[in-house]
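Notes follow the structure.
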Amino acid sequence: MERFSVAIDGPAGAGKSTIAKSLSKRLGVIYVDTGAMYRAMALHILRSGVDPSDTEAVTKASGSADISIDFADGIQQVLLNGENVSGVIRTEEVSAMASKVSVNPEVRKKLVELQQKLASEKSVVMDGRDIGTVVLPNAEVKIYLTASVEVRAERRYKELIEKGEAAELEAIKAEIRERDERDMNREISPLKQADDAYLLDSSYMSIDEVLEAMLDRIEKKVPAWQR
Ligand code: DC
């Protein structure tokens, strides 16, 4: 069996992690959620009380973060200095901080190295913002998964309402726009579609349709007999 990598990039809320999880199961390979690593780093910075706009302070504080991942029943767990923080990195506070600390060159260098090491050892489905462009430029399959701001905001709104949380559609839209703006316009490794990535707009597609489209693409690039 040959080792292969599937790189999935796209903006927040396009459905990357839901799809990447199912896809990795179907392919029988590990799923690496790189956003979770930036979130763990953001939690570390929050706990350190460092001002995220102070580049030097963030660089210094990031030095004392040991981030690693582990798999329990095939599901990625993120460890921050040995503590499993997978459950506490999903708050809005951590999301906002992750988007800010991920502009830091040292933070990116450290996490990209970890991501590249994982993909050099095993076949992976890896999702993030710069996987096809920077982390795994030679990935066998690259997919850019996107959806309109309106659709992404509505999905997030429904998710929050279903959880019984307060939500305001216009505020969510504004937040998504702000995050897109930061992720797409930062100096280092901005979110962008790799030249050789396959573009999928999930705005009017179901999860199953997106999954099938990706499996088709993978079959073309890495046929089952090669895997
Ligand atoms: O995908 P997510 O929402 O969990 O990612 C959290 C933040 O981390 C997001 O604002 C952008 C950043 N990120 C990044 O810069 N590069 C990646 N490969 C993954 C995430």
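Remember, it's 1-based here, ligands and their atoms both numbered in the order they're listed. What you see is a predicted model; the values in this text were computed from it and never measured.
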Chi angles and distances behind the salt bridge (Lys or Arg N to Asp or Glu O under 4.0 Å) call for D9, K192: CA-CA 8 Å; D9 292 300; K192 76 170 192 254; over 6 Å; no
Charged N to carboxylate O below 4.0 Å: is that the case for [X] and [Y]?
X	Y	value
D33	R90	yes
R177	E150	yes
D196	K142	yes

Verify salt bridge (Lys or Arg N to Asp or Glu O under 4.0 Å) between R26 and E212, making sure each step is shown before the conclusion. CA-CA 11 Å; R26 289 277 287 264; E212 287 312 315; 3.4 Å; yes
What residue and heavy atom of the protein are closest to [atom], and at what distance?
atom	answer
atom 8 (O) of ligand 1	Y38 CB, 3.5 Å
atom 12 (C) of ligand 1	S102 OG, 3.7 Å
atom 7 (C) of ligand 1	A98 CB, 3.7 Å

As an exercise, identify every atom of ligand 1 less than 4.0 angstrom from a heavy atom of D183. 9 (C), 10 (O), 11 (C)
State the atoms of ligand 1, each with its element, that fall below the 4.0 Å cut-off from a heavy-atom position in S99. 10 (O)
Could you tell me whether V135 approaches ligand 1 through its side chain, its backbone, both or neither, with non-hydrogen atoms closer than 4.0 Å? neither
Is it the side chain (CB and beyond), the backbone, both or neither of R179 that lies under 4.0 Å from ligand 1, heavy atoms counted? side chain
Based purely on interatomic distance, does [X] place a nitrogen or oxygen under 3.5 Å from a nitrogen or oxygen of ligand 1?
X	result
R39	yes
R129	yes
T34	yes

Heavy atom of R186, distance to ligand 1 below 4.0 Å: yes
Could you tell me whether ligand 1 has any atom less than 4.0 Å away from a heavy atom of R108? yes
Count the heavy atoms belonging to other residues, nucleotides or ligands that lie under 6.0 Å from CD of E121, then report whether that count exceeds 12. yes
In terms of heavy-atom contacts, does NZ of K221 have more than 12 from other residues, nucleotides or ligands at under 6.0 Å? no
Taking atom types as modelled and ignoring hydrogens, do the side chains of S206 and D208 form a donor-acceptor contact shorter than 3.5 angstrom? no
Has the side chain of Q77 got a donor or acceptor atom that lies under 3.5 Å from a matching backbone atom of D70? no
Out of V103, V32, D130, D9, whose heavy atom is nearest to atom 18 (N) of ligand 1? D130
